[in-house]
Number of protein chains: 2
Amino acid sequence: MARVTISDVARRANVSKTAVSFAFNSPGQLSPDTRDRILHIAGELGYRPDPVARTMTTKRTGSIGLLLPQAVHTAFANPFYPLVIEGISSVCDAHEYSLLLVSPVRGSVEEALGRAAVDGFISIGMDEAELPISHILRREMPVVLVDAGDREGETPRVNISDRVGARECARHLLELGHRDVLVVAIQSYDETRPLQGVPFERLSGYQQAFEQAGIPWREDRVFFARPTREAGREVVLAAMRKGSYTAVLAMADILALGAYDAAQHLGMRIPCDISIAGFDDLPIAGLLHPPLTTVAQPVREKGARAATLLIRSLQDGPGGSEVLETQLCVRGSTGPPRSAM
Amino acid sequence: MARVTISDVARRANVSKTAVSFAFNSPGQLSPDTRDRILHIAGELGYRPDPVARTMTTKRTGSIGLLLPQAVHTAFANPFYPLVIEGISSVCDAHEYSLLLVSPVRGSVEEALGRAAVDGFISIGMDEAELPISHILRREMPVVLVDAGDREGETPRVNISDRVGARECARHLLELGHRDVLVVAIQSYDETRPLQGVPFERLSGYQQAFEQAGIPWREDRVFFARPTREAGREVVLAAMRKGSYTAVLAMADILALGAYDAAQHLGMRIPCDISIAGFDDLPIAGLLHPPLTTVAQPVREKGARAATLLIRSLQDGPGGSEVLETQLCVRGSTGPPRSAM
DNA sequence: CTGTTAGCGCGTTCAT
DNA sequence: ATGAACGCGCTAACAG
């Protein structure tokens, strides 16, 4: 049997389609008994308004899109993403929105954008300058940018104080006496673009700390890796083969975890032989042994704020931006370098 | 300015709407030059077919719904979920489907179901007997059930050998000499229903091991907790207050992690004072200290298979079911009880 | 006040 | 390469 439509119900109840629609959406327009009769028949027939047809006229899908710069399974290699989603969802849930995970189709974010039937987007890690965003704007859909860099812009966004957090973390290592610091930076999803957004901010923070401490910043000690445990491990191993370091300054906890793997592989002990610091303060940071020194950022909160901003702008038009604070968490994975002990 | 529609393009190009549609969907129907002209104008105007209107006629949304029995942010407290999603998404991505996270609306899964504009559903942790599923079936949408218990049923499903895995894990503890075993079971999202599905299977497995070892099974040593780290911790603390145990048999790694927390809180050392075993073999299992003895299941694979099954049935009609294997992973968190040392 | 008629929204598709 | 009908539910205008 084919799907039960509003017409089926109308026919069966000897009323017009309008009446059926009213029974569901404007109960007041109908006399209680016809209303009940319609509802009853609808229930019997198992009628459910088709969400797509409904959207056609209401212009509302009831879902919001989460725009990722990579495939979901790639992004999720970093527990950061599920965590932001937790935050987003907690708000979506309260407002009865569903979340659509939108990742590039055949490499094209735009293509994916065009296909998504949503009321608005939350974008993670993409900058306003990127084509896709301009596409959303053209479609005149509300957007909130998360981790897009703190450039002033018309587009509402939620960021954290990346630069400050990174700076404090680097300063911490330098103050411990480290001079040979391996920086593991997040490789952008698009390697061809100049460094910007979050990776850029954090790198700038690191650099600032070096400058303020009067220690030369060495580009050749910056290595890039996609934010996965494996990539972190490999890049650290590669770097260690070429140079000698007393500390690893990783731009993400998941990269720091990779560094732990590398250290273990090399028989180096943390923090005696090598200090390691991360960024994010994901739940895993506290599970590691020794616990990871890292920069705490309110990940869930970030997601929640973004969702709140978006949902609000769905009702009242575009809202503002927010910057959340970071905080250095010194734990067991960092200590003075061997030479200084 | 309002959204650019197909009519705008048609007008501007002096062709019919049909021609514009052809230019995008059946390029062969048009002479190359009109086709190019249309496409060019469409590009200029920034025209993108409205995904909703498109769905109206094609009956295809390009997304599949992931049906969760709880709010996303609740479910994600267990890293198991992001991991299944990784698996699902890897397949969805390859087939250009997006994933819609669908969780109950005001407590009603059905309500959420009715609103979701998707081509099919993957349901996690809900049984066929549950109302919502029957609703999908009425809507005649393809569904694949994950972790729904291995009852024979017409609905395609992907399961693992929960019972066997659980049995082997319990047997392991019993063979080590444990007699006072605290069982931490997963509390179903719906406490009113009789135990079934995955929790039931695993519990049966535990019970079997006791029976086969000739050791009395004690219901009063089974405690239920929602699958979160915090709930695991609390329930173990509560149990420990009332009784004395040498081992914890947790139905999920995340609950085992909670047990670690409890052990630490109580000043108990693992495995000397207390042995702990989990289920799932999530990445965190290997990060814990000592590493967690657990039952490995191919979580990503499970998601991937489910997605494959669903997408196939989207094309060729309903497919079969699959059961994946589990494997006991003995690691440092289990050892002989004190008394037997 | 209760209920109907008619047309819309946007892109696809059949017959011509 | 076109015009018209269609999908499904919503709603403005209108009649009893």
Side-chain angles (χ1 to χ4, degrees), chain A residues 1-42 45-62 114-119 138-141, chain B residues 1-42 45-62 114-119 138-141:
Chain A
M1 67 183 173
R3 223 193 142 183
V4 181
T5 77
I6 199 172
S7 305
D8 298 322
V9 180
R11 199 163 337 162
R12 195 85 156 52
N14 280 316
V15 292
S16 66
K17 293 192 299 172
T18 311
V20 180
S21 180
F22 281 166
F24 283 89
N25 307 313
S26 320
Q29 305 287 88
L30 258 42
S31 76
D33 52 337
T34 46
R35 193 191 74 101
D36 289 348
R37 191 164 50 86
I38 294 175
L39 254 28
H40 181 247
I41 291 181
L45 267 46
Y47 167 69
R48 316 241 50 166
D50 181 323
V52 180
R54 200 147 204 265
T55 299
M56 270 301 279
T57 58
T58 60
K59 295 300 174 200
R60 209 182 154 280
T61 63
R115 300 191 188 183
V118 297
D119 296 333
R138 194 182 295 172
R139 215 172 124 182
E140 296 195 325
M141 255 194 205
Chain B
M1 66 181 174
R3 233 202 130 175
V4 181
T5 76
I6 200 172
S7 305
D8 297 323
V9 180
R11 201 164 341 175
R12 196 84 156 53
N14 280 316
V15 292
S16 65
K17 293 192 300 173
T18 311
V20 180
S21 180
F22 282 165
F24 282 88
N25 307 313
S26 320
Q29 304 288 79
L30 258 42
S31 78
D33 51 337
T34 44
R35 195 193 73 101
D36 290 347
R37 192 163 49 86
I38 293 175
L39 254 27
H40 181 247
I41 291 181
L45 266 44
Y47 167 69
R48 315 242 49 166
D50 181 324
V52 179
R54 199 144 205 266
T55 299
M56 269 299 279
T57 58
T58 60
K59 295 299 174 201
R60 207 181 156 284
T61 63
R115 300 191 188 183
V118 297
D119 296 333
R138 194 181 295 172
R139 216 172 121 180
E140 295 195 325
M141 256 193 204

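Below, chain A is the first sequence line, B the second, and so on; all start at residue 1. In this text, all values refer to a predicted model and were calculated from it rather than measured experimentally.
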With the side chain of [X] defined as its heavy atoms from C-beta on, choose the nearest nucleotide among [options].
{"X": "A/Thr5", "options": "C/dT4, D/dC8, C/dC10", "answer": "D/dC8"}
{"X": "B/Ser31", "options": "C/dG11, C/dG3, D/dA1", "answer": "D/dA1"}
{"X": "B/Tyr47", "options": "D/dG9, D/dC8, C/dG11", "answer": "C/dG11"}

State, with a plain yes or no, whether a side-chain heavy atom of [X] is found less than 4.5 Å away from one of [Y].
{"X": "A/Val4", "Y": "A/Val9", "result": "yes"}
{"X": "B/Thr5", "Y": "B/Asp8", "result": "yes"}
{"X": "B/Val20", "Y": "B/Val15", "result": "yes"}

Within this structure, what is the [atom1]-to-[atom2] distance between [X] and [N], rounded to whole angstrom?
{"X": "A/Ile6", "N": "D/dT11", "atom1": "CD1", "atom2": "C1'", "value": "11 Å"}
{"X": "B/Asn14", "N": "D/dA1", "atom1": "CG", "atom2": "C1'", "value": "13 Å"}
{"X": "B/Arg11", "N": "C/dG11", "atom1": "CZ", "atom2": "C1'", "value": "15 Å"}
{"X": "B/Arg60", "N": "D/dG7", "atom1": "CZ", "atom2": "C1'", "value": "17 Å"}
{"X": "A/Gln29", "N": "D/dA13", "atom1": "CD", "atom2": "P", "value": "14 Å"}
{"X": "B/Asp50", "N": "C/dC8", "atom1": "CG", "atom2": "P", "value": "18 Å"}
{"X": "A/Met56", "N": "C/dT12", "atom1": "CE", "atom2": "C1'", "value": "11 Å"}
{"X": "A/Ile38", "N": "D/dC10", "atom1": "CD1", "atom2": "P", "value": "13 Å"}

Handout entry: Phosphate OP1/OP2 of C/dC10 contacted by B/Arg54 side-chain N/O (<4.0 Å)
Key = no
Heavy atoms only, 4.0 Å cut-off, all strands: where does [X] land among base, sugar-phosphate and nothing?
{"X": "B/Ser7", "value": "nothing"}
{"X": "B/Val15", "value": "sugar-phosphate"}
{"X": "A/Thr34", "value": "sugar-phosphate"}

Handout entry: Exercise: identify the closest heavy-atom pair between A/Arg54 and A/Asn25
Key =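 In this case the closest contact between A/Arg54 and A/Asn25 is NH2-OD1, 2.9 Å.
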Exercise for the section: Could you tell me which non-hydrogen atom of B/Ala13 sits nearest to which non-hydrogen atom of B/Ile38, and how far apart they are? Expected result: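 In terms of heavy atoms, the two residues are closest at CB-CG1, 4.4 Å.
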Check: protein-nucleotides 13-16 of chain C nitrogen or oxygen pairs below 3.5 Å:
from, atom 1, to, atom 2, distance (Å)
C/dT13, O4, B/Thr18, OG1, 3.0

Handout entry: N/O donor-acceptor pair under 3.5 Å between A/Asp119 side chain and A/Thr61 backbone
Key = yes
Practice task
For A/Thr55 and A/Pro51, indicate whether the former's side chain and the latter's backbone hold a donor-acceptor pair under 3.5 Å.
Solution key: yes
Practice task
Name the residue closer to the 5' end of DNA chain D, choosing between A/Ala53 and B/Ala19 according to the nucleotide with the nearest heavy atom.
Solution key: B/Ala19
Handout entry: Residue met sooner reading DNA chain C from 5', once B/Val20 and A/Ser16 are mapped to nucleotides
Key =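 Per heavy-atom nearest nucleotide, the more 5' residue is A/Ser16.
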